[in-house]
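Notes for the one structure printed next.
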Amino acid sequence: MLTPDIIRAKLKEVKDPEIPVLSVVAMGIIHDIRVEEGAVEVDMVPTFAGCPAIDVMKKDIEKTCMEMGAASIQVNVLINKAWSTNQMTKKGKASLKKFGISPPKKFEGEEVTLEMLQSAECPKCGSTNTTLKNSFGPTACRAIHHCNDCHETFEQMKPL
């Protein structure tokens, strides 16, 4: 019998196509899961409304639920809810760092400050002696930094 907890556990295998070391659960984009008489409904909050990976993740969630025996599956993409990097799991942030992307720091309040965007820990050596080189990385949610200690250039997932 399918339950929200069983489905959430299985969705840990559904990867973000842009950062394949992160699952949709570790990213914190799975907002809610409901099951009624075998019909599954998943609410997903994308990292941003224009994220090109939304359709891929939606199809992967649908496929996973159907393989688990769901009678039907509906994935609702909630673009009216704001996703925050604070929703990422600790394990997700650790995986991101191991992958070579500086994870976002948890922040309080509703606004991200310029200092938060400029500050990043080098995922290679752990130094915070880093410089923001470009706030527009390969995707809208990443920035490019340079480590002044180990001289590596790296990406940071922007705190949002």
Side-chain angles (χ1 to χ4, degrees), residues 4-33 42-65 67 75 77-160:
D5 288 340
I6 290 171
I7 293 167
R8 186 174 300 276
K10 188 68 173 172
L11 290 181
K12 289 179 181 177
E13 298 173 14
V14 175
K15 302 301 181 187
D16 178 322
E18 293 179 328
I19 308 172
V21 297
L22 293 178
S23 73
V24 294
V25 172
M27 281 291 293
I29 66 170
I30 302 301
H31 179 68
D32 194 20
I33 301 171
V42 176
D43 291 341
M44 171 179 137
V45 178
T47 55
F48 72 101
C51 177
I54 290 172
D55 286 338
V56 173
M57 290 185 285
K58 185 177 174 181
K59 287 177 184 170
D60 289 347
I61 291 167
E62 290 169 349
K63 181 178 183 251
T64 298
C65 289
E67 288 173 351
V75 178
V77 180
L78 308 179
I79 58 172
N80 60 340
K81 287 188 99 33
W83 175 82
S84 167
T85 52
N86 284 346
Q87 293 167 239
M88 293 179 69
T89 66
K90 287 181 183 179
K91 184 177 179 183
K93 288 182 180 185
S95 295
L96 197 60
K97 184 176 180 178
K98 187 175 179 181
F99 187 64
I101 298 175
S102 179
K105 294 179 183 167
K106 188 172 177 111
F107 63 93
E108 301 296 327
E110 295 183 23
E111 290 189 26
V112 175
T113 65
L114 182 58
E115 291 79 27
M116 294 167 77
L117 293 174
Q118 292 176 331
S119 172
E121 179 182 317
C122 177
K124 310 277 190 224
C125 72
S127 173
T128 56
N129 181 19
T130 61
T131 304
L132 174 66
K133 289 295 188 182
N134 192 333
S135 59
F136 302 100
T139 64
C141 57
R142 291 188 259 170
I144 306 296
H145 289 261
H146 179 78
C147 179
N148 299 313
D149 289 336
C150 72
H151 306 289
E152 289 289 329
T153 298
F154 63 93
E155 294 177 29
Q156 172 206 32
M157 181 170 277
K158 297 176 196 173
L160 301 170

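Residue numbers count from 1 along this sequence. All figures in this text were calculated on a predicted structure; none of them were measured in a lab.
Between the D43 side chain and the V75 main chain, no donor and acceptor come within less than 3.5 Å of each other. In terms of modelled atom types and a separation under 3.5 Å, the side chain of S135 and the main chain of A143 share no donor-acceptor contact. In terms of modelled atom types and a separation under 3.5 Å, the side chain of W83 and the main chain of M27 share a donor-acceptor contact.
Applying the salt bridge (Lys or Arg N to Asp or Glu O under 4.0 Å) rule to pairs touching residues 149-158 yields R142-E155, sequence neighbours excluded. Residue pairs that meet the salt bridge (Lys or Arg N to Asp or Glu O under 4.0 Å) test with at least one member in residues 80-107, sequence neighbours left out, are K97-E121.
Here the closest heavy-atom approach between residue P103 and residue L96 is recorded as CA-CD2, 3.8 Å. Taking all atoms of both residues into account, the shortest heavy-atom contact from V56 to P17 is CG1-CG, 3.7 Å. Shortest non-hydrogen contact noted between G92 and T89 is N-OG1, 2.9 Å. Heavy-atom minimum distance, F48 versus I54: O-CD1, 3.9 Å.
Considering only heavy atoms from C-beta on, I61 comes within 4.5 Å of M44 through its side chain. Contact check for C147 versus C125: side-chain heavy atoms found under the 4.5 Å cut-off. Between L160 and N86, every side-chain heavy-atom pair lies at or beyond the 4.5 Å cut-off. P123 places none of its side-chain heavy atoms less than 4.5 Å from the side chain of Q156. Looking at heavy atoms from C-beta onward, M88 lies in side-chain contact with P104 at the 4.5 angstrom threshold. At least one side-chain heavy atom of F154 sits less than 4.5 Å from a side-chain heavy atom of S102. The shortest side-chain heavy-atom distance between P159 and L117 falls under the 4.5 Å cut-off.
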May I have the step-by-step check of side chain to side chain contact (heavy atoms under 4.5 Å, CB included) for D32 and V42, ending in yes or no? CA-CA 6 Å; D32 194 20; V42 176; over 6 Å; no

Let's go through I7 and C65 carefully: what are the C-alpha distance in whole Å and the side-chain angles of both, what is the deciding distance for side chain to side chain contact (heavy atoms under 4.5 Å, CB included) to 0.1 Å, and is it a yes or a no? CA-CA 7 Å; I7 293 167; C65 289; 4.0 Å; yes

Determine, stepwise, if the pair V77 / V45 fulfils side chain to side chain contact (heavy atoms under 4.5 Å, CB included). CA-CA 6 Å; V77 180; V45 178; over 6 Å; no

Side chain to side chain contact (heavy atoms under 4.5 Å, CB included) assessment of S95 paired with L22: CA-CA 7 Å; S95 295; L22 293 178; 4.2 Å; yes

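The structure places CG of L11 at 5.0 Å from CD1 of I33, a figure rounded to the nearest 0.5 Å. To the nearest 0.5 Å, atom NZ of residue K10 and atom OG of residue S23 are 12.5 Å apart. The CD1 atom of I101 sits 10.0 Å away from atom CD of E18, with the distance rounded to the nearest 0.5 Å. Rounding to the nearest 0.5 angstrom, the gap separating the OG1 atom in T153 from the NZ atom in K124 is 10.0 Å.
Under the 3.5 Å distance criterion, with hydrogens and angles disregarded, no donor-acceptor pair is assigned to the side chains of H146 and T131. Side chains of T130 and N148: no donor on one and acceptor on the other come within 3.5 Å.
Within 6.0 Å of atom CD1 in I79, 12 or fewer heavy atoms from other residues, nucleotides or ligands are found, so the atom counts as exposed in its surroundings. For NZ of K12, the number of neighbouring non-hydrogen atoms (other residues, nucleotides, ligands) closer than 6.0 Å is 12 at most.
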